[in-house]
Peer 1: 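Can you keep this structure in mind? I'll have questions shortly.
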Amino acid sequence: MDEILLTIDGKEVAANEGMTILEAAQKIGIYIPTLCHHELLEPYGACRLCMVEIENRGRIQYVASCLYPVENNLVVRTRSEKVDKIRKMILELLLAHAPDSRDLKELAEEYGADRNRFDREASFCVHCGLCVRYCAEVKQKFAVGFVDRGTRREISFVPKIAAEECWKCKECFPLCPTEALQAAYVYVQDITAKSPFKLVL
Amino acid sequence: MDNATIDQIIDKHHGEASSLIQILLEIQGQNHWLPKEALERISERLEVPFTRIQHIATFYKAFSLVPKGRHEVHICMGTACHVRGAQRVLETVEDLTGIKPGETDLDLKYSLEIVNCLGCCALGPVMEIDGTVHGNMTPATTRDALKKYE
C-alpha cells in the first residue's frame, strides 16, 4: 500500500491510504477534539467538532477530520483562528442542549464558548449517535435507535430488546458525552468509585 | 391487520430488506397506519433491526404509528389559501368532524391535517381528501364535499 505524506500542524506525517485525517493526527499524537468519534465504530461526522482547516493546491477548506481521507501533500491545521471560531460556535449550540455536560464544559473553557449564548433547549442529547451505533455495530443488539427527525429527533430504547439485553450490558452509558441518562451517570460513578471491575473502552 | 396479509405483502416484495419502505407504504395504504405488531413482523421477516424500522417509520410523514381515519383530510394553510379564507374552511371541517388538526375521530372516519401548500394556489382555499383536490372552497361547499365520504 502506498504511503501518503501530508503535513499536520507543520509536522510531516506518513499515513496509509484510506486513513482519515483524524487517525493520522492521532498517530503522531496531535489532539483533535471529538464527541461522536469512537475507534471501534464507523466514522459518523455528527458533532463536527473535529473540523480542521486543510490546504490543497492553495485552496483552503474546512472539513470534518474524522471523515476526510488523507491525501498527498495535504496541509492540515488543527488550530487556526477560523477553526477555533467554528468549534466555539458548535460548542455553544451543543451547550444549549446539554448545558451541564462535563466534556462540553471542558471544551467550552478551552475555546471560550459561552454556554448561555443560546436559549436552553435542554434535551441532554447532542445526537452524537454513539449509543445507537455502538449497540448496532459492536454489540449488534439494536436495542437503542433514533426516532423522528429534525428538532424532534431523539434516542429511544426498544423495550422488548432492552429488557433482555441492556441490564447486563450498559456499555453505551459511559460512551455518552453528555451523560444524558441519569442511569449512565450513576453507573459511571459506580465503576469509577468502588467497583473492582474497570470498564475498558 | 393480520399476519397473513402482512406476509402476503412481504412475499410480493420477495422478502427483501431493500423493499422495506415499499412494504411499509403498502401496509400504510391498506391499513391507514402501522401497528407495532406489523412492524415487529416485518422486522422478523426481513431481518431488519426493529430500531431501523422505527427510525424510518417515524422519519417519513407518509407513515403513521397511530390509527388514522379512512379519509385523510388535508387543508391548505399556505399564504394564498390563508388570505382566501382557509381558516373558515378549517373551522367548518373542525365543526363537522369534531376534531382538531393532527387528530382522528373515534369512528376512524376522518383524520384532519394542516398542510402548508398543495401547489395549486390559484384554486385556493384548497382542501384535499384522499388525494382528490377540492378547490375554491367555501364553508358550504366544504360541507357538501365532506358529506360525499363515508
Side-chain angles (χ1 to χ4, degrees), chain A residues 36 38 40-47 97 121 123-173 175-176 178 180-181 183-184, chain B residues 1 3 6 10 15-25 27-28 31-68 72 74 77-78 100-104 111 113-117:
Chain A
C36 69
H38 192 284
L40 297 175
L41 306 176
E42 286 289 308
Y44 193 56
C47 70
H97 281 282
E121 217 174 278
S123 60
F124 308 107
C125 179
V126 293
H127 300 147
C128 67
L130 275 175
C131 51
V132 173
R133 289 178 296 139
Y134 191 84
C135 201
E137 290 175 31
V138 178
K139 306 299 285 188
Q140 308 206 330
K141 297 294 182 203
F142 304 96
V144 60
F146 281 116
V147 293
D148 226 318
R149 63 176 159 171
T151 53
R152 287 196 306 275
R153 190 161 84 136
E154 57 184 28
I155 52 167
S156 161
F157 283 90
V158 180
K160 215 169 157 186
I161 307 173
E164 281 171 27
E165 308 290 346
C166 292
W167 282 116
K168 53 179 189 271
C169 172
K170 291 183 187 167
E171 285 168 28
C172 60
F173 287 179
L175 294 179
C176 182
T178 66
L181 309 154
Chain B
M1 191 168 226
N3 272 347
I6 296 166
I10 294 172
E16 278 172 32
S18 55
S19 308
L20 173 62
I21 290 184
Q22 289 306 318
I23 293 168
L24 290 175
L25 276 173
I27 294 174
Q28 171 81 33
N31 196 42
H32 304 294
W33 69 293
L34 303 172
K36 192 169 159 246
E37 294 72 33
L39 298 185
E40 274 166 1
R41 183 77 191 156
I42 300 170
S43 166
E44 242 166 69
R45 287 285 316 272
L46 300 189
E47 289 171 8
V48 174
F50 187 77
T51 46
R52 187 168 300 153
I53 297 181
Q54 202 181 27
H55 191 188
I56 291 167
T58 52
F59 186 90
Y60 294 105
K61 244 199 146 177
F63 301 126
S64 170
L65 296 178
V66 289
K68 285 269 169 180
E72 281 188 39
H74 292 169
M77 279 288 165
K100 296 248 176 278
E103 296 176 352
T104 302
S111 288
E113 213 62 69
I114 282 183
V115 291
N116 283 326
C117 189

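Residue numbers begin at 1 in each chain, while the letters A, B, ... track the order of the sequences.
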Peer 1: Rounded to the nearest 0.5 Å, what separation is found between the OG1 atom of Thr104(B) and the CD atom of Glu72(B)?
Peer 2: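 These two atoms lie 8.5 Å from each other.
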Peer 1: Taking the side chain as C-beta and beyond, is there a heavy-atom pair between Leu39(B) and Leu24(B) under 4.5 Å?
Peer 2: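 Result yes, sub-4.5 Å side-chain heavy-atom pair found.
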Peer 1: Quick one: donor-acceptor pairs under 3.5 angstrom, chain B versus chain A?
Peer 2:
from	atom 1	to	atom 2	distance (Å)
Thr58(B)	OG1	Asp148(A)	N	2.8
Phe59(B)	O	Arg149(A)	NE	3.1

Peer 1: Pair Ile10(B), Ile42(B) - check side-chain contact (heavy atoms from CB on, under 4.5 Å), show working.
Peer 2: CA-CA 8 Å; Ile10(B) 294 172; Ile42(B) 300 170; 4.2 Å; yes
Peer 1: Nearest 0.5 Å please: distance from the CG atom of Leu130(A) over to the SG atom of Cys176(A).
Peer 2: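 Leu130(A) atom CG to Cys176(A) atom SG measures 8.0 Å (nearest 0.5 Å).
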Peer 1: Any sub-3.5 Å donor-acceptor pair from Glu103(B)'s side-chain atoms to Lys100(B)'s backbone N or O?
Peer 2: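 Side chain of Glu103(B) to backbone of Lys100(B): a pair is present.
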Peer 1: Rounded to the nearest 0.5 Å, what separation is found between the CG atom of Leu34(B) and the CD1 atom of Ile23(B)?
Peer 2: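 The CD1 atom of Ile23(B) is 12.0 Å from CG of Leu34(B), to the nearest 0.5 Å.
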Peer 1: Given that the side chain runs from C-beta out, which part of Val132(A) has a heavy atom under 4.5 Å from chain B: side chain, backbone, both or neither?
Peer 2: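 Val132(A) has no heavy atom closer than 4.5 Å to chain B.
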Peer 1: In terms of heavy-atom proximity below 4.5 Å to chain B, should Val147(A) be classed as side chain, backbone, both, or neither?
Peer 2: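 Both the backbone and the side chain of Val147(A) come within 4.5 Å of chain B.
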Peer 1: Between Ala143(A) and chain B, with a heavy-atom cut-off of 4.5 Å, which part of the residue counts as in contact: side chain, backbone, both or neither?
Peer 2: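 Just the backbone, heavy atoms under 4.5 Å.
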Peer 1: So, taking the atom named SG in Cys135(A) and the one named CD1 in Ile155(A), what distance separates them when rounded to the nearest 0.5 Å?
Peer 2: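 Here the rounded value is 10.5 Å.
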